[in-house]
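What you are looking at is a predicted structure, and each value in this text was computed from that prediction instead of being measured. Convention: sequence-line order gives letters A, B, ...; per-chain numbering from 1.
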Protein chains: 2
Amino acid sequence: MNIEPELCRVEDTLDVLVGKWKPIILLYLLKNGTMRFNELKKSIPDITQKMLTKQLRELEEEEIINRVVYPQVPPKVEYSITEYGKELEPILHAMHEWSNRHIQQKQKNQMKK
Amino acid sequence: MNIEPELCRVEDTLDVLVGKWKPIILLYLLKNGTMRFNELKKSIPDITQKMLTKQLRELEEEEIINRVVYPQVPPKVEYSITEYGKELEPILHAMHEWSNRHIQQKQKNQMKK
DNA sequence: CGGCATCCCTTTTGATACTG
DNA sequence: CAGTATCAAAAGGGATGCCG
């Protein structure tokens, strides 16, 4: 079965996943369940605070993740994946596997040259 | 089973798929088989010539599509998906379906408000 | 601790004109 | 027909400082 290109929603999913850091954020949350802001920050050393905040807000907006603020000092904010966001997991998996094949394929073709 | 976030290759697949026009180009080629440059251009009215050229070059570089030039006047260039690129189809499908659920989910949540 | 605001630079994309 | 080339606009992303 084909997707009619005119009716394609692939781009909408890409919009959700794209943002340079979103997949890795989601993978961490899928793996660890609930994580605090700084846990994520430490897990992804190269991300800036600004970017982490921004990506989390966008994921929250799309209802892929939950954001829970504990009104205390010092502040505590926990992030977790929504039930609905978990449905992205097979897609992330498929992309991961495809990419592993992709790497091998490219290496083969390198050797031909 | 989890993907270890540190070893994640999802981003590499996204690199291949992302480019604002790549999914729709791939869907057209999956649907129609072989297409000429101008066929693609007409099918995707909003894309500029420059962008179409660029995206096609990038897909070719990743060996997702074939580019065949017929040395004649006027020129004729045909594009098609490689066997290997076809393996992306299930992923495109899964994203399409997820996105349809995504839309419905958001509409539900709109009504609550 | 978990942000937001500001400034600045780089990359991406678009419009337009030209060519083998 | 299938592109390049050039210029301009917009988006993306990093560094730093301040705040409740």
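Within residues 31-40 of chain A, the residues approaching DNA chain C are A/Arg36, A/Phe37, A/Asn38, by heavy-atom distance under 4.0 Å. Taking every heavy atom of residues 66-74 of chain B and every atom of DNA chain D, pairs under 4.0 Å involve B/Arg67, B/Pro74, by number.
Looking only at side-chain heavy atoms (C-beta outward), A/Arg57 and A/Glu61 stay at 4.5 Å or farther from each other. Side-chain contact between A/Phe37 and A/Gln49: present, with at least one pair of heavy atoms (C-beta onward) separated by less than 4.5 Å. Put simply, the side chain of B/Met35 reaches to within 4.5 Å of the side chain of B/Ser43, judged on heavy atoms. Within the 4.5 Å cutoff, the side chain of A/Ile24 has no heavy atoms near those of the B/Glu11 side chain. Counting heavy atoms from C-beta outward, A/Leu17 and A/Leu26 have side chains that approach closer than 4.5 Å. For the pair B/Leu40/B/Ile47, no side-chain contact is recorded, criterion being any heavy-atom separation below 4.5 Å from C-beta on.
Computed from coordinates, the B/Leu52 CG to D/dA2 P distance equals 10 Å when rounded to whole Å. One interatomic measurement links the two molecules: CD of B/Glu78 to C1' of D/dC1, which rounds to 13 Å at whole-angstrom precision. Atom CG in B/Leu56 sits roughly 11 Å away from atom P in D/dA2 (whole-Å rounding). Straight-line distance from the CZ atom of A/Arg57 to the P atom of C/dA5: 11 Å, rounded to whole Å. For the pair B/Lys41 NZ and D/dT4 P, the computed distance is 15 Å after rounding to whole Å. Rounded to whole angstrom, the span from the NZ atom of B/Lys76 across to the P atom of D/dG3 amounts to 14 Å.
Here the two rings, on A/Tyr84 and B/Trp98, have centers that are under 6.0 Å apart.
With axes fitted over five pairs at each extremity, the angle between the ends of the helix from C/dC1-D/dG20 to C/dG20-D/dC1 is 50° (10° resolution).
Salt-bridge check for B/Lys106 with A/Glu62: passed, with a basic side-chain N closer than 4.0 Å to an acidic carboxylate O. A salt bridge links B/Glu4 with A/Lys31: at least one charged nitrogen is closer than 4.0 Å to a carboxylate oxygen. Residues B/Glu89 and B/Lys86 are not paired through a salt bridge, judged by the lack of any N-O separation under 4.0 Å between the basic side chain and the carboxylate.
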Its contact letters, B for base, S for sugar-phosphate only and - for none at protein heavy atoms under 4.0 Å, make nucleotides 12-20 of chain D read -BBB----B
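The phosphate of D/dC1 (OP1 or OP2) has no side-chain N or O of B/Tyr79 nearer than 4.0 angstrom.
Each of B/Leu14 and B/Leu7 belongs to its own hydrophobic cluster when Ile, Leu, Val, Met, Phe, Trp and Tyr are linked at side-chain heavy-atom distances under 4.5 angstrom.
Counting side-chain heavy-atom gaps under 4.5 Å among Ile, Leu, Val, Met, Phe, Trp and Tyr, the cluster of B/Val68 also holds B/Tyr70.
For A/Asn100, the side chain to side chain contact (heavy atoms under 4.5 Å, CB included) partners at least two apart in sequence or on another chain are A/His96, A/Ile103, B/Arg9.
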